[in-house]
Amino acid sequence: MPLPSWLETDVSLKALNTFGLPAVARRLVRIRADADVRRLLDAKEVGLAPKLVLGGGSNLVLTRDVDGVVVKVEVSGLRLVQERPDAWIVEAGAGMTWHDVVESTIANGWPGLENLALIPGTVGAAPVQNIGAYGVELAERFESLDGVDLVTGRGVTLTRAMCAFGYRDSVFKHVLAGKTVITRVRLRLPRPWTPVLGYLELERKVAETGITAPSARQVFEWVCAIRRAKLPDPSTLGNAGSFFKNPIVTQDQCRDIIGRDPHVVHYPMPDGSFKLAAGWMIEACGWKGKTIGGAGVYEKQALVLVNRGDAIGAEVVTLARAIQESVYGRFGIRLEPEPVVV
Ligand SMILES: Cc1cc2nc3c(=O)[nH]c(=O)nc-3n(C[C@H](O)[C@H](O)[C@H](O)COP(=O)(O)OP(=O)(O)OC[C@H]3O[C@@H](n4cnc5c(N)ncnc54)[C@H](O)[C@@H]3O)c2cc1C
């Protein structure tokens, strides 16, 4: 049976993941509306199940070819759906570039996403990972989302409570992993807008510039400048951002780790737990600048693993495991990777 014209075959994914890792999708379908998902599920001639939902490929480590259908989400559209006294509710297509949405909402007078500027990837992946940066997490700006169930083809709407957001975590990494294509996300941008400036690097900007009441645009520009100075640009050096989550530990565990090294960087959390700086621990174990094959640890920030040229996914995974082992050996902490390994 001939394959439908909307199904692409043997597509290289190298340019579709920010690590620049080589892999091929046996089949790839681009989703621009919910109906495209149903068409895929109904098309028996495709003969392969959806295997990987792909956004901007900025949180992935591809270790092999994908022997199934890659569902590339390209749903577009941005609109104000509700203007309430307490919030603007803005809906964005899951295939939109996250940073473009941040910039457009500010330009349209709907501020609130500025601390999340310049995070690579798409709107649809933002709830999966509950993206966060500079003192704000998506969960705090989230209203609800629409998606399509990849088994039944039914449309679903999930509220914030249903998404079970946690630190870089959500229901889409657990019971719904690989089961739903997110097609639209509604963002709740609180009114009146107040800047979130509690993060150390933003406090520094306030002190340096003397601007104590910055506009959303100003915060956006500060965040972009801070990020550009410390994170590698994936278009010139392949990477997936922070490779490990910052571990959250109890007070007793934190005391134990400080006993191993009194300099360990740790931050008290509101619930009494402590967040440890994974990058600091990796650097303390001597990994900064080291390489395994084509995979390396970024010289400016040990939390970021990079593609030095021709890295393959297996080398990234081997490097990550070696780092995990040495951090465990020295601090008794098992680092958890942030990106999804495929
Ligand atoms: C330089 C750099 C800096 C970064 N900084 C940050 C940061 O500050 N904070 C942060 O939180 N993250 C950061 N990241 C990680 C990454 O940008 C985010 O996780 C982003 O949300 C991933 O989006 P994506 O579209 O590229 O997702 P992909 O990598 O394509 O996919 C990631 C996961 O989400 C799933 N997925 C993607 N789209 C959908 C969809 N529509 N429906 C259902 N599932 C979907 C995929 O199946 C996969 O499991 C950074 C990455 C880089 C390269």
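Side chains are part of it too, since the values below use all heavy atoms of this structure and drop only hydrogens, waters and symmetry mates. Indexing begins at 1, ligand by ligand and atom by atom, following the structure's order. Keep in mind that what you see is a predicted model, and the values were worked out from it rather than measured.
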**Student:** Taking only Lys NZ, Arg NE, NH1 and NH2, and the carboxylate oxygens of Asp or Glu, determine whether R260 and D256 approach each other closer than 4.0 Å.
**Tutor:** yes
**Student:** Which residue in the set L13, V70, D65 passes side chain to side chain contact (heavy atoms under 4.5 Å, CB included) when paired with V24?
**Tutor:** D65
**Student:** Return the closest protein heavy atom for atom 39 (C) of ligand 1 as residue, atom name and distance.
**Tutor:** V53 CG1, 3.5 Å
**Student:** Go through ligand 1 atom by atom and flag the ones less than 4.0 Å from a non-hydrogen atom of R168.
**Tutor:** 11 (O)
**Student:** Nearest protein heavy-atom contact for atom 49 (O) of ligand 1: which residue, which atom, what distance?
**Tutor:** V340 CG2, 3.5 Å
**Student:** Evaluate G55 for polar contact with ligand 1, using N/O atom pairs at a separation under 3.5 Å.
**Tutor:** yes
**Student:** Can you check whether P234 has an N/O within less than 3.5 Å of an N/O in ligand 1?
**Tutor:** no
**Student:** Find all atoms of ligand 1 within a distance of less than 4.0 Å from any non-hydrogen atom belonging to T18, and give their numbers and elements.
**Tutor:** 53 (C)
**Student:** To which protein heavy atom is atom 9 (N) of ligand 1 closest, and what is the distance rounded to 0.1 Å?
**Tutor:** G132 O, 2.8 Å
**Student:** Ignoring hydrogens, just give me the one of A133, S58, S170, G93 whose non-hydrogen atom is nearest atom 26 (O) of ligand 1.
**Tutor:** S58
**Student:** Residues two or more places apart in sequence or in another chain: which of them pass ring-ring contact (aromatic ring centres under 6.0 Å, His included) with F220?
**Tutor:** H99
**Student:** Just to confirm my output: which protein heavy-atom neighbour is closest to atom 52 (C) of ligand 1, and how far is it?
**Tutor:** G241 N, 3.2 Å
**Student:** Checking T122 against W98: is there a side-chain donor and acceptor pair closer than 3.5 Å?
**Tutor:** no
**Student:** For A240, is at least one N or O under 3.5 Å away from an N or O on ligand 1?
**Tutor:** no
**Student:** Do T250 and D252 get their side chains close enough for a donor-acceptor pair, meaning under 3.5 Å?
**Tutor:** no
**Student:** Report the nearest protein non-hydrogen atom to atom 27 (O) of ligand 1: residue, atom name, distance rounded to 0.1 Å.
**Tutor:** A125 CB, 3.2 Å
**Student:** Which distance, rounded to the nearest 0.5 Å, do you find between the NZ of K179 and the CG of L150?
**Tutor:** 10.5 Å
**Student:** Do any nitrogen or oxygen atoms of N130 lie less than 3.5 angstrom from nitrogen or oxygen atoms of ligand 1?
**Tutor:** no
**Student:** If we only count N/O pairs under 3.5 Å, is G57 in contact with ligand 1?
**Tutor:** yes
**Student:** For the residue pair R160 and F142, would you count it as a cation-pi contact if the rule is NZ or CZ under 6.0 angstrom from the ring centre and within 45 degrees of the ring axis?
**Tutor:** no
**Student:** Could you tell me whether some N/O pair between P232 and ligand 1 is separated by less than 3.5 angstrom?
**Tutor:** no
**Student:** Taking only Lys NZ, Arg NE, NH1 and NH2, and the carboxylate oxygens of Asp or Glu, determine whether D261 and R330 approach each other closer than 4.0 Å.
**Tutor:** yes
**Student:** Which option wins on minimum heavy-atom distance to atom 17 (O) of ligand 1: G121, P120, G238, S235?
**Tutor:** P120
**Student:** Quick one: look at T180 and ligand 1, take heavy-atom pairs under 4.0 Å, and tell me if it's side chain, backbone, both or neither.
**Tutor:** backbone
**Student:** Applying a strict 4.0 Å limit to heavy atoms, is K173 in contact with ligand 1?
**Tutor:** no
**Student:** Any donor-acceptor pair under 3.5 Å linking the side-chain atoms of D34 with those of T183?
**Tutor:** yes
**Student:** Return the closest protein heavy atom for atom 34 (O) of ligand 1 as residue, atom name and distance.
**Tutor:** V128 CG1, 3.6 Å
**Student:** Charged N to carboxylate O below 4.0 Å: is that the case for E201 and K205?
**Tutor:** no
**Student:** If you measure every N or O of T122 against every N or O of ligand 1, does any of those distances drop under 3.5 Å?
**Tutor:** yes
**Student:** Could you tell me whether R188 and E91 have a side-chain N and a carboxylate O separated by less than 4.0 Å?
**Tutor:** no
**Student:** Distance to 0.1 Å, residue and atom name: give those for the protein heavy atom nearest to atom 18 (C) of ligand 1.
**Tutor:** I131 CG2, 3.9 Å
**Student:** Return a yes/no value for G56: is any of its N or O atoms, backbone included, closer than 3.5 angstrom to an N or O of ligand 1?
**Tutor:** yes
**Student:** Check this for me, if you would: do E8 and R30 make a salt bridge, where the nitrogen-to-carboxylate-oxygen distance has to be below 4.0 angstrom?
**Tutor:** yes
**Student:** Geometry only, no angles: is R227 polar-contacting ligand 1 at N/O separations under 3.5 Å?
**Tutor:** yes
**Student:** Among all protein heavy atoms, pick out the one at the shortest distance from atom 41 (N) of ligand 1; state its residue, atom name and that distance to 0.1 Å.
**Tutor:** I182 O, 3.0 Å
**Student:** Under 3.5 Å, is there a donor-acceptor pair between the Q301 and K288 side chains?
**Tutor:** no
**Student:** Check for me whether K275 meets the cation-pi criterion with Y167, that is, NZ or CZ under 6.0 Å from the six-membered ring centre and within 45 degrees of the ring axis.
**Tutor:** yes
**Student:** If the threshold is 4.0 Å, N to carboxylate O, is there a salt bridge linking D42 and R39?
**Tutor:** no
**Student:** Ligand 1 and E338, any nitrogen or oxygen pair closer than 3.5 angstrom?
**Tutor:** no
**Student:** Backbone, side chain, both or neither: what part of N59 comes under 4.0 angstrom of ligand 1, heavy atoms only?
**Tutor:** both
